[in-house]
Amino acid sequence: MKFRPERIGRYELRQTLGAGAFAKVKYAVDTKTKVAYAVKMLNRAAIQREGLQHQLRQEIDALRLLRHENVMQLREVLRDKEHTYLVLELLTGGELFASMV
């Protein structure tokens, strides 16, 4: 059996870059442009169970409005039955926290 990569919309999801209580971040490639992105996969049931829908909406709204070289850019938001996906600019160089301590 041939491995078939996971996809959401036009993005092929690859390795996991990080994970937290409600989300997982995956390396993704736009299948049309071949540009790499980070896709934050948020578990909708967990977000709802914890009452964090308003906080998620605020995060999305803030990312849509902010345009600054030091702020990760939001490309688009996708949804399916289980997840909300934030397609974000891929930043390299490790975790910011690691360079702060």
Side-chain angles (χ1 to χ4, degrees):
M1 180 191 296
K2 189 175 180 181
F3 173 72
R4 197 178 123 117
E6 188 178 0
R7 286 185 61 153
I8 180 68
R10 62 194 269 177
Y11 305 95
E12 182 180 291
L13 304 179
R14 297 187 181 170
Q15 71 268 24
T16 299
L17 299 174
F22 305 106
K24 186 184 292 187
V25 179
K26 291 205 168 244
Y27 179 91
V29 175
D30 182 321
T31 57
K32 292 182 182 176
T33 66
K34 306 301 183 211
V35 174
Y37 292 95
V39 174
K40 187 174 183 179
M41 302 171 53
L42 296 130
N43 182 296
R44 293 178 72 183
I47 296 290
Q48 190 167 28
R49 185 173 48 251
E50 297 297 321
L52 298 173
Q53 303 95 316
H54 180 70
Q55 186 175 331
L56 175 58
R57 169 69 20 219
Q58 284 183 316
E59 179 180 354
I60 291 169
D61 290 346
L63 286 170
R64 280 189 171 141
L65 291 172
L66 291 171
R67 294 284 178 258
H68 190 276
E69 65 185 44
N70 296 328
V71 177
M72 182 182 328
Q73 296 299 298
L74 176 66
R75 178 170 171 80
E76 66 179 305
V77 178
L78 303 167
R79 289 186 177 92
D80 66 18
K81 213 159 89 172
E82 296 178 18
H83 295 92
T84 296
Y85 303 89
L86 305 184
V87 181
L88 302 159
E89 173 185 16
L90 179 65
L91 303 178
T92 59
E95 292 192 33
L96 176 61
F97 183 76
S99 65
M100 295 171 60
V101 289

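Just so you know, these numbers use all the heavy atoms, side chains as well, and skip hydrogens, waters and symmetry mates.
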Q.
Is any side-chain heavy atom of M41 closer than 4.5 Å to one of E6?
A. yes

Q.
What's the separation between atom CG in L66 and atom CE in M72, rounded to the nearest 0.5 Å?
A. 11.5 Å

Q | Pairs touching residues 67-91 that satisfy salt bridge (Lys or Arg N to Asp or Glu O under 4.0 Å), sequence neighbours left out | A | D30-R75

(Q) How about CD on Q55, more than 12 heavy atoms from neighbouring residues, nucleotides or ligands closer than 6.0 Å, or not? (A) no

Q) Say you draw a straight line from NE2 of H83 to CD1 of I47; how long is it, rounded to the nearest 0.5 Å? A) 10.0 Å

Q: Could you tell me the separation between the CG atom of L74 and the OH atom of Y37, rounded to the nearest 0.5 Å?
A: 11.0 Å

Q: Rounded to the nearest 0.5 Å, what's the gap from CG on L52 to CG on L42? Could you check?
A: 10.0 Å

Q.
What I'd like to find out is whether the side chain of L17 reaches to under 4.5 Å of the side chain of L90, using heavy atoms alone.
A. yes

**Q.** Heavy-atom check, side chain of Q53 versus side chain of Q48, under 4.5 Å
**A.** yes

Q: Hey, could you give me the OH/NZ distance between Y11 and K32, rounded to the nearest 0.5 Å?
A: 9.5 Å

Q | Partner residues of E59 under the side chain to side chain contact (heavy atoms under 4.5 Å, CB included) criterion, sequence neighbours left out | A | K40, L56, L63, L86

Q) Taking all non-hydrogen atoms of both residues, which atom of E12 and which atom of R14 are closest, and how far apart? A) OE2-NE, 2.9 Å

Q) How far does OH of Y85 sit from NZ of K24, to the nearest 0.5 angstrom? A) 10.5 Å

